[in-house]
Amino acid sequence: MIKTKALRQEQIEKSRLVIRHDAFSASFTPDFTPKFIAGADVGFEESGTVTRAAIAVLQYPSLELVEYQIARIDTVLPYIPGLLSFREYPALMAAWQKLSLRPDLVMVDGQGIAHPRRFGVASHFGVLADIPTIGVAKSRLCGEHARVGEIQGSRQPLMDHGEQIGVVLRSKKRCNPLYISLGHKVSIDSAVFWVEQCIRGYKLPEPIRWADGIASNRPFFKQTMQKNL
DNA sequence: GCGACAG
DNA sequence: ATCTTGTCGC
């Protein structure tokens, strides 16, 4: 039996710890520019019994891969809409602890505060790892928004009960838009800004695209992976 | 009661 | 998420 009630309550309590403004490093300044931006992705293997997390660290602004780590652990929870973070953050933390570099910012595949209780996986991971995070999801969990323009760069605010919880961005023409929300220690404006700075002709920002590619062993990434590292 | 519902 | 080839559209 899964105590969904208690998990939801935990989200409500921990969501108070989310910092919704820019608070990068100790040397934070208004014109702060990150040196390393990471991307995180979670997948499943062995019929879902194994949870696999991959984190790719890219140098900014060149966006070249400088490090990556993969962690595999036993799956602890089935997928339940709204409770995704409890299923994914253990593996994310495992991969995180293997990292030798300390990224300035992490983009996570999933929602940040664009969540019923304002505590999606990007926020959950950000708070526990105490690192600035941005939620980049490929589809909507909650909230409403006007139709997004077809041209690249078009955007619409994602609203929920009168509150803006994110931005829906057309990162690439003819592709479904991205649902961007702040995860932790990054303002919504900065979240969208950094995602756009990491777009290189593909729908997904490079950090997440790399985390995705590395985790799934796709030939191109595997090749560049060894050549670069 | 019915529909929605990140990955 | 994952199982998977070809195929429609720009």
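In what follows, chains carry the letters A, B, and so on, assigned in the order in which the sequence lines appear, proteins first and then strands, with residues in each chain numbered from 1. No experiment lies behind these values; they were computed from the predicted model shown.
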[X] [atom1] to [N] [atom2], straight-line distance once rounded to whole Å:
X      : N      : atom1 : atom2 : answer
A:E88  : C:dA1  : CD    : C1'   : 8 Å
A:I208 : C:dA1  : CD1   : P     : 12 Å
A:R218 : C:dT4  : CZ    : P     : 17 Å
A:K203 : C:dC10 : NZ    : P     : 18 Å
A:R52  : C:dA1  : CZ    : P     : 10 Å
A:E46  : C:dA1  : CD    : C1'   : 14 Å
A:Y79  : C:dC3  : OH    : C1'   : 18 Å

Distance-only, no hydrogens or angles: does the [X] side chain make a donor-acceptor pair with backbone N or O of [Y] under 3.5 Å?
X      : Y      : answer
A:E67  : A:S100 : yes
A:H124 : A:F119 : no
A:R170 : A:C175 : yes
A:S181 : A:G112 : yes

Heavy atoms under 4.0 Å, any strand shown: does [X] hit a base, just sugar-phosphate, or nothing?
X      : answer
A:G82  : base
A:G43  : sugar-phosphate
A:L178 : nothing
A:K138 : sugar-phosphate

Check the orientation of A:F24 and A:F32. Use parallel for under 30°, tilted for 30 to 60°, and perpendicular for over 60°.
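The arrangement is parallel - the two ring planes meet at less than 30°.
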Please list, in 5' to 3' order, the outermost nucleotides of DNA chain B lying under 4.0 Å from any heavy atom of chain A.
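Contact boundaries, 5' end first: B:dA4 to B:dG7.
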Under a 3.5 Å cutoff, is there a donor and acceptor pairing between the side chains of A:T51 and A:T75?
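Yes - a donor-acceptor pair under 3.5 Å links their side chains.
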Run the ring-centre check on A:W210 versus A:F221 and record whether the distance is less than 6.0 Å.
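Yes; A:F221 has its ring centre under 6.0 Å from that of A:W210.
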